[in-house]
Amino acid sequence: MGRTLAEKVWDDHVVRRAEGEPDLLFIDLHLLHEVTSPQAFDGLRMNGRRVRRTDLTIATEDHNTPTLDIDKPIADPVSRTQLETLRKNCAEFEVRLHPLGDIEQGVVHVVGPQLGLTQPGTTVVCGDSHTSTHGAFGALAFGIGTSQVEHVLATQTLPLAPFRTMAVTVDGELPDGVTAKDLILAVISRIGTGGGQGYVIEYRGSAIEKLSMESRMTVCNMSIEAGARAGMIAPDRTTFDYLEGRAHAPKGADWDAAVAYWKTLRTDDDAAFDHEVRIDAGELTPFVTWGTNPGQGAPLSASVPDPASYDDPSDRLAAEKALEYMGLTAGQPLREVAVDTVFVGSCTNGRIEDLRAAAAVVGGRKVADGVRMLVVPGSVRVALQAVEEGLDRVFTAAGAEWRHAGCSMCLGMNPDQLAPGERSASTSNRNFEGRQGKGGRTHLVSPQVAAATAVLGHLASPADLSDAPDASVLEEA
Amino acid sequence: MEAFTTHTGRAVPLRRSNVDTDQIIPAHWLKKVTRNGFEDGLFEAWRKDESFVLNAPQYAGATVLLAGSDFGTGSSREHAVWALQNYGFKTVISSRFADIFRGNSLKNGLLTVVLPQQTVEELWQLVEADPTAEITVDLVAREVRADRPQGPLTAPFELDDNARWRLLEGLDDISLTLANEPDIAAFESTRPSWKPSTAQV
Ligand code: SF4
């Protein structure tokens with residue numbers, strides 16, 4: 001019988017297979033950041049171990065980094081210690097590091113692909129659950145804990161339990177204004193936050209094939225929000241075109257050999273998935289979350305659901321608690337939910353395409369009074385590209401704040417946070433209680449919905465904007 | 001790693017599903033660079049609420065966490081496991097755990113036990129009616145046991161032989177893998193030249 005894409009990549013990385021033991025897999029690329037690595041380096045030091053493959057390891061700073069005044073010492077002493085610890089560890093163990101202020105710095109999952117390090121058919125790990133992002137290239141990529149980070153540093157391998165395979169097939173055309181973010185939010189609300197548990201999801205079908213590389217990353221990024229081990233998309237021309245010419249992409253004869261291999265990375269026609277989900281792209285609409293986990297979402301045109309409508313008692317209780325935390329009432333139209341803050345950024349939607357999409361909506365318009373809009377590019381390279389295209393000016397002219405690259409308000413480890421009770425529309429990936437700041441309330445949205453929400457002050461899509469953009473707004477800037 | 005063979009202790013009923021690791025340990029605690037000192041961060045936001053079950057005096061000192069389904073979703077932070085251990089939990093029982101959380105817990109000797117939701121419900125009822133009731137999690141026999149007024153409860157659970165052996169012995173995974181160093185070297189020697197490298201270009 002044929003094999004799925006995930007099974008092929010897995011098989012190609014088995015270092016050791018023995019009866020009654022988990023397979024030992026070779027790891028092609030190990031990404032590090034400041035939050036989940038210090039205890040791992042400590043472990044190496046305590047046991048007198050070294051980093052086995054510094055040439056397959058790379059670090060950046062993202063979670064704690066400020067997005068303002070990055071040339072000044074970091075105000076929070078604890079954040080500063082954590083960044084200094086990473087710098088010290090990388091120097092001692094000879095790991096390549098792109099610290100704050102470096103041109104290659106940025107959110108770890110934005111940096112890997114843009115350097116061309118994330119390639120089809122590779123195994124990629126990072127002490128961060130959104131490592132699933134890299135699956136967009138046909139890589140088997142997953143988040144690991146700190147003990148596993150230490151394990152990979154010391155051995156460049158991981159013993160891994162077998163996985164099950166799930167196909168999420170999306171056929172048809174995404175309607176105008178419906179994005180990869182809406183698609184993945186709809187998938188998660190369909191299968192639930194635990195529905196992907198134990199699975200590697202392969203996204204396929206004509207709607208997925210038509211997505212750009214950046215949109216594919218948005219989709220794979222949120223696989224973990226459905227509980228999946230990883231998400232993958234088979235590499236194709238779009239993938240190869242994105243990679244060609246990037247700093248770490250293969251060159252010359254190596255490129256040809258690589259592409260020949262990459263072309264074999266497709267699920268065989270006679271391969272079977274353990275589970276299949278089908279979605280008609282044509283039926284999707286802008287999608288937003290109303291609750292406190294990414295599975296609690298609904299079309300923007302819908303209303304806040306009534307907890308009593310859930311059959312399952314634990315879903316009902318979860319919905320009740322979510323509405324209480326979010327300060328929403330059942331039956332309230334989602335379009336009427338007013339926000340205080342709009343955040344555009346993160347490893348889900350902080351790439352150039354996302355910034356362009358948001359800029360196209362706010363361009364020539366103004367952010368509503370009383371709303372704060374933060375635009376945080378996913379990496380320094382993304383920021384530079386945006387400046388070259390004049391997007392930063394579009395945002396500032398609209399009254400948004402243009403910031404330096406990092407995770408920022410996605411998780412609020414730096415000063416960018418919601419105050420208790422504040423509500424945001426956010427292009428990030430988690431609406432957990434307190435995720436963006438203690439007591440903060442998060443609605444997950446696409447960049448387009450985020451931008452329209454900023455202009456109108458309540459959850460909205462670009463189609464809700466009745467006024468035409470005004471060119472003079474830009475000229476004033 | 002701390003070995004786990006069998007543990008008997010009182011239990012806290014946490015009647016919530018989808019408890020993500022941001023709730024178990026909020027992000028601002030993640031700035032610490034050690035593996036200990038996370039006990040005060042455990043469920044920090046919820047503990048501010050006096051009625052939160054962890055604040056109930058009758059459950060003080062409990063070592064078994066009886067959680068709802070989909071426990072440990074979200075962020076991969078191993079700090080969630082350390083916080084539970086630092087606080088004093090030895091084992092967590094749920095009908096479903098998130099993969100990364102489960103992997104992290106087993107690496108640290110925090111036994112995560114999967115039981116049917118119906119059994120979790122029965123255990124909830126037991127410890128809610130009698131907070132002094134003790135639950136035994138026996139990894140040798142792979143079963144959970146409790147004495148109830150209506151008779152003993154015995155629930156078998158699954159854990160693959162390899163993971164069980166590592167826990168019972170408290171083995172260090174890295175040492176086990178390094179014992180297979182020749183396999184790793186052999187794999188590396190056949191790796192194609194065009195595979196990515198982080199060496200500066
Ligand atoms: S942007 Fe958000 S989700 Fe992505 S790595 Fe940073 S904190 Fe994690």
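None of the values given here were measured: they were computed from a predicted structure. Every chain is numbered from 1 and lettered A, B, ... according to where its sequence line falls, protein lines coming before strand lines.
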Greatest number of heavy atom pairs closer than 4.5 Å to chain B - which of [options]:
options: A:His130, A:Gln148, A:Arg49; result: A:Arg49
options: A:Ala154, A:Gly412, A:Gly198; result: A:Gly198
options: A:Glu34, A:Met413, A:Arg53, A:Arg229; result: A:Met413
options: A:His13, A:His30, A:Lys251; result: A:His13
options: A:Glu225, A:Gln156, A:Lys321; result: A:Lys321
options: A:Trp255, A:Tyr261, A:Phe41; result: A:Tyr261

Only heavy atoms, only distances under 4.5 angstrom. Which residues in residues 174-190 of chain B are near chain A? B:Ile174, B:Ser175, B:Thr177, B:Leu178, B:Asn180, B:Glu181, B:Asp183, B:Ile184, B:Ala185, B:Phe187, B:Glu188
Around atom CD of B:Glu39, are there more than 12 heavy atoms of other residues, nucleotides or ligands at under 6.0 Å? yes
Is B:Glu50 atom CD crowded by more than 12 heavy atoms from other residues, nucleotides or ligands, each under 6.0 Å away? no
Structural part of [X] lying under 4.5 Å from a heavy atom of chain B:
X: A:Arg96; result: side chain
X: A:Leu29; result: side chain
X: A:Ile144; result: backbone
X: A:Leu24; result: side chain
X: A:Val95; result: neither
X: A:Ala318; result: side chain
X: A:Thr157; result: side chain
X: A:Thr54; result: backbone
X: A:Asp12; result: backbone

So for [X], is it side chain, backbone, both, or neither that comes closer than 4.5 Å to the heavy atoms of chain A?
X: B:Gln117; result: neither
X: B:Asp172; result: side chain
X: B:Phe97; result: backbone
X: B:Trp165; result: neither
X: B:Thr34; result: backbone
X: B:Ala27; result: both

Give a yes or no on whether the backbone of [Y] and the side-chain of [X] come within a donor-acceptor separation of less than 3.5 Å.
X: B:Glu78; Y: A:Gly127; result: no
X: A:Gln39; Y: B:Arg35; result: no
X: B:Lys31; Y: A:Asn64; result: no
X: B:Asp99; Y: A:Gln197; result: no

As an exercise: rank [options] by heavy-atom pairs under 4.5 Å with chain A and give me the winner.
options: B:Gly103, B:Ser193, B:Ala163; answer: B:Ser193
options: B:His79, B:His28, B:Arg77; answer: B:His79
options: B:Ser69, B:Ser17, B:Gly74; answer: B:Gly74
options: B:Asn104, B:Asp22, B:Thr21; answer: B:Asp22
options: B:Arg96, B:Arg102, B:Lys32; answer: B:Arg96
options: B:Pro192, B:Ser75, B:Ala98; answer: B:Ser75

Ion pair present between B:Asp20 and A:Arg430, side-chain N to carboxylate O less than 4.0 angstrom? no
Salt-bridge criterion met for A:Glu433 and B:Arg16 (N-O under 4.0 Å): yes
If I compare all heavy atoms of [X] with all of [Y], which pair ends up nearest, and what's the gap?
X: B:Ser197; Y: A:Leu56; value: CA-CD2, 4.3 Å
X: A:Thr57; Y: B:Thr198; value: O-OG1, 2.9 Å
X: A:Phe432; Y: B:Gln23; value: CB-NE2, 3.8 Å
X: B:Ala199; Y: A:His248; value: O-CE1, 3.1 Å
X: A:Ser129; Y: B:Ile100; value: CB-CD1, 4.0 Å

Which pairs with one or both residues in residues 191-201 of chain B pass salt bridge (Lys or Arg N to Asp or Glu O under 4.0 Å), sequence neighbours excluded? A:Asp28-B:Arg191, A:Asp28-B:Lys195
Between the CG atom in A:Leu411 and the CG atom in B:Leu30, the distance rounded to the nearest 0.5 Å is 8.0 Å
Check whether any side-chain heavy atom of A:Glu150 lies under 4.5 Å from a side-chain heavy atom of B:Lys107, and answer yes or no. no
Is it the case that the side chains of A:Thr193 and B:Asn18 hold a donor-acceptor pair, with the cut-off being a distance below 3.5 Å and no angle test? yes
